[in-house]
Amino acid sequence: MSAENQEKKTEQQQPTSIILLGMAGSGKSTVLQRLNSYLHSKKQPPYVINLDPAVRELNYNANIDIRDTVDYSKVMKQYNLGPNGGIMTSLNLFTTKFDQVLGLIEKRKGSVQNILVDTPGQIEIFTWSASGAIITDAIASETPTVIGFVVDTPRTMAPATFMSNMLYACSILYKTRLPVLLIFNKTDVQDCSFAEEWMTDFEAFQAALSSRSATSTHESTNQSEEPSYMNSLMNSMSLVLEEFYANIKTVGISAMTGAGMPEFFDAVEECRKEYYSDYKPELDRLRRERQEKSDASKKDSLDRLMKDMKTDDDEPIESDASEEEGETLDAQDVKGGGINITNTSAQTQAFDDGTSWPRP
Ligand SMILES: Nc1nc2c(ncn2[C@@H]2O[C@H](COP(=O)(O)OP(=O)(O)OP(=O)(O)O)[C@@H](O)[C@H]2O)c(=O)[nH]1
């Protein structure tokens with residue numbers, strides 16, 4: 001088999017990771033539950049990861065659940081944090097062990113077709129934190145990854161809410177560099193055709209803006225109360241987002257009734273193709289650049305060290321003192337430059353270091 005065919009075959013065997021993001025209450029967990037049950041009904045059970053440490057009850061069975069590893073309420077108490085700080089710190093602690101999650105994903109690659117990832121309700125904690133970026137990058141470097149941005153369709157009928165969602169989705173696209181699928185959820189309450197029209201027809205969005213208040217989901221009869229700066233700002237934004245609209249995929253679903261599931265997976269398949277054609281080459285290029293930079297900096301340090309050693313003492317160095325005394329360096333000493341990194345008492349209590357991952 002040629003190398004190209006072999007590569008294609010390996011690509012086909014990779015499961016697709018779908019990371020669900022969205023504003024609080026948009027329905028991420030319900031969507032995940034629906035996707036999970038749909039895939040089970042198709043005899044293609046997915047691998048499910050919950051990254052929300054603060055959720056009380058999950059309405060699906062997660063293979064990996066952050067709550068099994070980090071105790072969110074203990075983290076809050078011991079570090080004196082509020083709810084958002086607690087979620088962020090829990091995610092940071094979990095990220096330190098994410099290599100184990102990747103190991104489990106690696107093992108399941110041949111047997112699952114989809115990996116579903118649920119994220120914390122407070123979207124900014126995941127999208128704008130270092131740990132969120134590390135987790136997303138780690139998953140995306142391991143498997144073809146799609147960001148599923150869940151939108152609450154009935155609420156997005158207000159032009160300002162619609163625009164906020166679009167700007168957020170756009171910022172996530174630029175931040176993660178991964179294919180984004182806009183999931184218009186709750187179509188049992190409100191059909192999403194109006195939003196798709198606003199995305200393709202600028203005049204339709206303008207007409208909606210002039211017939212209702214920017215923050216209202218209904219058409220208004222009293223148009224004089226509309227602040228005109230808001231309308232013109234949103235008109236301009238809509239024009240700016242034209243390029244984004246042209247390249248983004250959308251799908252309407254109802255997590256409640258299960259409508260739109262086949263269309264959802266068709267759209268995911270399209271995004272997966274995009275990942276391989278557009279995103280993966282870019283990710284590989286960035287990774288190569290990072291590697292080259294790190295190699296160059298290592299070589300530079302080594303050269304300087306050799307130079308210093310030569311000027312300090314012109315005689316060649318024959319043996320290391322520790323070797324003479326029969327001591328050996330362990331990996332920890334080498335990596336930490338002799339500094340011992342220890343867990344704080346709070347860390348050891350809140351973060352169960354010895355956890356063997358449940359239900360892998
Ligand atoms: N009618 C309708 N309601 C839905 C649908 N999907 C979710 N909901 C409701 O929306 C509310 C929020 O759903 P969740 O799944 O908790 O949303 P979430 O985004 O995970 O919430 P956080 O994690 O707290 O941000 C719940 O009351 C759900 O029952 C849907 O397709 N149709």
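Whatever order the structure lists ligands and atoms in, that order sets their numbers, starting from 1.
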Give the residue, atom name and distance (to 0.1 Å) of the protein heavy atom nearest atom 5 (C) of ligand 1.
Lys186 CG, 3.5 Å
Taking only non-hydrogen atoms of Asn185 and a 4.0 Å limit, the atoms of ligand 1 in range are 5 (C), 6 (N), 7 (C), 31 (O)
How close does the nearest protein non-hydrogen atom get to atom 12 (C) of ligand 1, and which residue and atom is it?
Gly25 O, 3.6 Å
Under 3.5 Å: donor-acceptor pair, side chain of Thr89, backbone of Gly85:
yes
Residue pairs passing the salt bridge (charged side-chain N to carboxylate O under 4.0 Å, His left out) test where at least one lies in residues 258-270, sequence neighbours excluded:
Glu270-Lys273
Residues Asp284 and Lys280 bridged, charged N to O under 4.0 Å
yes
Within one Ile-Leu-Val-Met-Phe-Trp-Tyr cluster: Phe149 and Val146, side-chain cutoff 4.5 Å
no
I'd like to know if Asp308 pairs up with Arg304 as an ion pair, taking the criterion as any Lys NZ or Arg NE/NH1/NH2 lying under 4.0 Å from an Asp or Glu carboxylate oxygen.
no
Which of the ligand 1 atoms, numbered from 1, are nearer than 4.0 Å to a heavy atom of Asp188
1 (N), 2 (C), 30 (C), 31 (O), 32 (N)
closest protein heavy atom to atom 18 (P) of ligand 1 is Lys28 N, 3.4 Å
Sub-4.0 Å protein heavy atom next to atom 20 (O) of ligand 1
yes
Residue portion contacting ligand 1 (non-hydrogen atoms closer than 4.0 Å) for Val189
side chain
Of all the atoms in ligand 1, which lie at a distance below 4.0 Å from a heavy atom belonging to Ser254?
31 (O)
Which atoms form the tightest heavy-atom contact between Asn59 and Ser29, and what is the distance?
OD1-O, 3.8 Å
Could you give me the CA-CA distance, side-chain angles and deciding distance for Glu289 and Arg285, then say whether salt bridge (Lys or Arg N to Asp or Glu O under 4.0 Å) is met?
CA-CA 6 Å; Glu289 261 179 31; Arg285 190 186 62 78; 2.5 Å; yes
Lys186 and side chain to side chain donor-acceptor pair (under 3.5 Å): which single residue from Asp152, Thr156, Thr153 fits?
Asp152
Is the closest heavy atom of Gly22 to ligand 1 under 4.0 Å?
no
Could you tell me how the ring of Trp198 sits relative to the ring of Phe162: parallel (under 30°), tilted (30 to 60°) or perpendicular (over 60°)?
perpendicular
Please report whether atom 7 (C) of ligand 1 has a protein non-hydrogen atom at a separation of less than 4.0 Å.
yes
Shortest protein heavy-atom distance from atom 29 (O) of ligand 1, along with the residue and atom involved:
Met256 CE, 3.8 Å
Does ligand 1 have a heavy atom under 4.0 Å from the side chain of Thr257, from its backbone, from both, or from neither?
neither
Note the single closest protein heavy atom to atom 31 (O) of ligand 1, along with its residue, its atom name and the distance in Å.
Ala255 N, 2.9 Å
Heteroatom distance test (Thr187, ligand 1): nitrogen or oxygen, under 3.5 angstrom
no
Determine whether Leu35 and Ile105 fall in the same hydrophobic cluster, where Ile, Leu, Val, Met, Phe, Trp and Tyr are linked whenever their side-chain heavy atoms lie under 4.5 Å apart.
no
Counting only nitrogen or oxygen atoms and a 3.5 angstrom limit, does Pro120 reach ligand 1?
no
A student checking ligand 1 against Gly121 at a 4.0 Å heavy-atom cut-off should list atoms 22 (P), 23 (O), 25 (O)
Within a distance under 4.0 Å of any heavy atom of Ala24, pick out the atoms of ligand 1 and give their elements.
25 (O)
Atom indices of ligand 1 within 4.0 angstrom of Thr30 heavy atoms, with elements:
6 (N), 7 (C), 13 (O), 14 (P), 15 (O), 28 (C)
Nearest heavy atoms of Gly252 and Cys192, plus distance in Å:
CA-SG, 3.7 Å
Dump the intermediate steps for salt bridge (Lys or Arg N to Asp or Glu O under 4.0 Å) on Asp303 and Lys299, then the final yes or no.
CA-CA 6 Å; Asp303 287 350; Lys299 188 177 173 305; 3.1 Å; yes
Does Ile253, backbone or side chain, put an N or O under 3.5 Å from an N or O of ligand 1?
no
